[in-house]
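Report on the structure given below.
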Amino acid sequence: MKKGLVTGVTGQDGSYLVELLLEKGYQVWGIMRRSSSFHTGRIDHLYKDPHEHPRLRLVYGDLTDGSNLSIIINEIEPDEVYNLGAQSHVRVSFDMPIYTVDTDALGTLRLLEAIRSCNKPAKFYQASSSEMYGKAVETPQTEKTPFYPRSPYGCAKAYSFWQTVNYREAYGLFACNGILFNHESPRRGETFVTRKITRAATRIKLGLQDKLYLGNLDAKRDWGFAGDYVEAMWLMLQQDKPDDYVVATGESRSVREFVKEVFDYLDLDWQKYVEIDPRYFRPTEVDYLEGDASKARKVLKWKPKVTFGELVRMMTDADMKIAEQEKIIKEHEEAK
Ligand code: NAP
Ligand code: F7E
């Protein structure tokens with residue numbers, strides 16, 4: 001049985017990747033940070049009943065603690081390591097640049113070092129990001145497009161990208177970068193723009209909220225579905241040779257278009273509810289990203305299955321269910 005180790009197991013992608021690895025018959029270990037409150041909501045359905053999924057185990061660890069990572073890797077001796085753990089919020093990375101770099105850049109290096117010093121080094125997947133293209137020098141972006149990061153997050157991810165390439169070339173590690181463009185789902189963190197919009201719009205529809213405050217509506221992103229993208233991660237580690245791949249839909253839309261699509265679906269006029277709050281602007285913005293995933297399509301035989309419209313409806317429907325529950329609770333409280 002193959003052994004997979006996932007950092008960032010409690011995050012959006014971690015949850016979809018664990019589902020995929022379990023489906024494929026892996027024994028999976030997830031590295032989880034210690035927290036004062038529960039934060040396993042995205043994987044509870046996989047983990048809560050250990051009889052149902054005895055092949056998923058969680059261990060405490062942190063990308064800022066190299067000795068802990070070494071111990072975990074040496075004990076488990078995984079066949080594949082997926083490094084999905086990160087301080088993944090671009091806006092927050094301007095507020096916490098040192099922590100972001102410690103986790104997202106040095107954290108990767110700590111993990112690579114732990115793998116390199118193992119008797120049987122694992123295959124390695126690095127969660128690289130389209131944020132590395134930043135102020136993009138060409139459109140669409142491919143594996144050959146030079147990086148121009150525009151945030152501490154983007155800079156940290158560019159560092160990790162090159163460390164991954166260098167460990168492959170210097171030590172022969174089977175190490176791959178997936179350069180993933182934005183991918184969303186009903187499990188997306190609520191402060192990323194897509195989920196913020198679907199949460200607010202469904203609450204507005206049910207009278208639970210009056211306004212939605214956003215920043216730059218002109219930014220354009222290539223948005224796909226997280227469930228499709230974790231499949232590309234796995235495929236990279238099943239190839240004969242390690243390499244780097246762009247994973248994207250090839251279609252780019254503005255934040256404004258995303259807002260309109262969601263509000264139209266709910267039969268609401270978005271202009272009545274959306275207001276601009278400069279607090280959400282970034283010191284340096286990434287204006288326009290659009291990926292060219294031809295290489296992944298050709299070599300990995302990967303392609304996205306969920307369309308933009310389907311993604312919007314999937315997220316809005318899921319958030320409508322949450323809003324409906326919130327409304328019941330609110331009415332219950334008011335009736336007391
Ligand atoms: P996410 O939902 O924010 O999940 C991040 C995960 O990393 C969480 O499990 C978090 O744990 C964990 N983490 C944070 N700091 C850590 C630390 N110091 N040590 C160990 N774990 C830590 O992000 P995601 O959307 O799933 O993204 C997964 C990865 O892909 C990230 O590396 C992200 O930067 C990258 N990426 C994402 C996208 C995208 O569009 N989603 C695109 C390109 C690349 P807690 O639950 O405890 O917070
Ligand atoms: O912002 C604009 C904002 O925070 C998208 C991460 O997963 O994808 C993600 O990073 C755009 C930006 O994602 C609000 O200025 C407007 O232009 O949803 P986001 P991101 O910054 O693209 C990449 C690929 C990653 O790797 C990251 O880990 O939307 N925007 N108004 C807003 N953004 C937020 N968050 N909130 C707003 O109110």
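One-based numbering, in listed order, for ligands and for the atoms of each.
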A127 N/O to ligand 1 N/O under 3.5 Å: no

I'd like to check whether G215 has a polar contact with ligand 2, where a contact means an N/O of the residue lying under 3.5 Å from an N/O of the ligand. yes

Would you check whether H89 reaches within less than 4.0 Å of ligand 2, judged by its heavy atoms? yes

Quick one: does H183 get an N or O within less than 3.5 Å of an N or O on ligand 1? yes

Can you report which non-hydrogen protein atom sits closest to atom 19 (N) of ligand 1, along with the distance? L63 N, 2.9 Å

Does the N or O separation between T64 and ligand 1 drop below 3.5 Å for any pair? no

Under 4.0 Å from a heavy atom of N182: which atoms of ligand 1 are those, numbered in the order shown and with their elements? 40 (O)

For ligand 1, is there an N or O atom under 3.5 Å from any N or O atom of S129? no

If you measure every N or O of R221 against every N or O of ligand 2, does any of those distances drop under 3.5 Å? yes

Counting from 1 in the order shown, the ligand 2 atoms closer than 4.0 Å to a non-hydrogen atom of V90 are 10 (O), 21 (O)

Have a look at I276, D13, N182 and point out the one with the heavy atom closest to atom 13 (O) of ligand 2. N182

Is S129 close to ligand 2, meaning an N/O of one under 3.5 Å from an N/O of the other? yes

Under 3.5 Å, is there a donor-acceptor pair linking the side chains of E290 and S252? no

Any N/O pair G14/ligand 1 closer than 3.5 Å: no

Pairs of nitrogen or oxygen atoms closer than 3.5 Å, one from Y280 and one from ligand 2: do any exist? no

Provide, to 0.1 Å, the distance between atom 41 (N) of ligand 1 and the closest protein heavy atom, together with that atom's residue and name. R188 NH1, 3.2 Å

Atom 5 (C) of ligand 1 [closest protein heavy-atom partner, distance rounded to 0.1 Å]: A86 O, 3.6 Å

For Y99 and ligand 1, does the shortest N/O to N/O distance drop below 3.5 Å? yes

Check ligand 2 against V255 and write out every atom of the ligand that is under 4.0 Å from a heavy-atom position of the residue. 2 (C), 29 (O)

Check step by step if side-chain contact (heavy atoms from CB on, under 4.5 Å) holds for E285 and R282. CA-CA 6 Å; E285 176 63 289; R282 296 165 182 194; 4.0 Å; yes

